[in-house]
Amino acid sequence: LACVWGYMGLSSRAWEAESWLKLYATHNRMDIDSFNISEVYNLAMYFCVMTLTGVGFGDVAPSGQFEVQVSTVTMFVTGFMWAWVIANIVNVVNNIDPFATHFQHLNDDLNLLMESRGLDRSLQTRARKHLH
């Protein structure tokens, strides 16, 4: 995504159009041609991380209608990426102890079976103690 934003900022020189990079350069009293590729990529990555973390827009923001549309897509994509990261972290935490997970599933199955068969409480307690 940072590469797309960097390309949009750099290609605005050829189009003679407004872009986030021109807006940033004007705001900081710089010439757009003074930026090298790594500086543009760094600013574009800054924008994408700012979008991902939800900090908000400050000194780097979309300028034209097309950049606003790409920014909206960037927000959706980074939102899905963040959800994927969180889901993987939760998955790792859940699978840290596979034996405990297996025991919990056995316990759940036993409880469902005893409930569906209508066993009295004392027999249910004995079965659970036997499983432990």
Side-chain angles (χ1 to χ4, degrees):
L1 291 173
C3 292
V4 171
W5 276 102
Y7 174 76
M8 286 175 42
L10 290 174
S11 63
S12 68
R13 290 189 279 194
W15 298 338
E16 294 296 325
E18 236 2 81
S19 74
W20 66 269
L21 188 58
K22 281 186 180 180
L23 195 67
Y24 181 82
T26 304
H27 180 71
N28 292 308
R29 297 185 185 121
M30 300 171 77
D31 184 29
I32 193 170
D33 294 324
S34 67
F35 292 110
N36 62 33
I37 297 293
S38 63
E39 290 171 334
V40 172
Y41 182 78
N42 187 34
L43 286 170
M45 180 62 78
Y46 170 75
F47 175 80
C48 288
V49 170
M50 189 170 44
T51 302
L52 172 66
T53 58
V55 173
F57 299 104
D59 49 351
V60 179
S63 175
Q65 190 63 27
F66 181 68
E67 287 185 357
V68 170
Q69 291 170 348
V70 173
S71 175
T72 303
V73 170
T74 301
M75 288 179 213
F76 279 117
V77 170
T78 55
F80 285 121
M81 288 171 59
W82 188 247
W84 180 79
V85 167
I86 297 298
N88 280 313
I89 291 171
V90 168
N91 190 29
V92 167
V93 169
N94 280 337
N95 293 323
I96 284 177
D97 189 1
F99 296 111
T101 304
H102 181 67
F103 175 75
Q104 187 64 43
H105 285 292
L106 282 176
N107 223 358
D108 290 342
D109 290 343
L110 180 63
N111 286 332
L112 286 173
L113 178 66
M114 291 187 300
E115 194 68 35
S116 69
R117 300 291 183 187
L119 296 179
D120 63 308
R121 294 285 176 200
S122 64
L123 188 55
Q124 287 182 16
T125 304
R126 285 179 51 204
R128 284 190 196 102
K129 284 182 181 179
H130 179 73
L131 190 61
H132 285 273

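- Not counting sequence neighbours, the partners of Thr74 by the side-chain hydrogen bond (donor to acceptor under 3.5 Å, both in side chains) test are Trp5.
- Residues satisfying the side-chain hydrogen bond (donor to acceptor under 3.5 Å, both in side chains) criterion with Asn88, sequence neighbours excluded, are absent altogether.
- Trp82 and Phe76 fall into different hydrophobic clusters, where Ile, Leu, Val, Met, Phe, Trp and Tyr side chains are chained together by heavy-atom contacts under 4.5 Å.
- Linking Ile, Leu, Val, Met, Phe, Trp and Tyr whenever their side-chain heavy atoms come within less than 4.5 Å puts Val40 and Ile37 in one cluster.
- Cluster annotation: Val4 is connected to Phe35 through the hydrophobic network of ILVMFWY side chains, with a link wherever side-chain heavy atoms come within less than 4.5 Å.
- In this structure, CG in Leu113 is found 12.0 Å from CG in Leu106, a value given to the nearest 0.5 Å.
- Here the CG-CD1 distance, from Asn91 to Ile96, works out to 10.5 Å after rounding to the nearest 0.5 Å.
- Going from atom CD of Gln124 over to atom CG of Leu110 covers 8.5 Å, rounded to the nearest 0.5 Å.
- Val85 and Met81 are members of different hydrophobic clusters when ILVMFWY side chains are connected at heavy-atom separations under 4.5 Å.
- The CG atom of Leu43 sits 11.5 Å away from the CE atom of Met45 when rounded to the nearest 0.5 Å.
- Scanning all heavy atoms of the two residues, the minimum distance from Ala44 to Ala2 falls at CB-O, 3.2 Å.
- Residue Arg126 qualifies as open at atom CZ: its count of foreign heavy atoms under 6.0 Å is 12 or below.
- With values rounded to the nearest 0.5 angstrom, Asn107 atom CG is found 10.5 Å from Leu112 atom CG.
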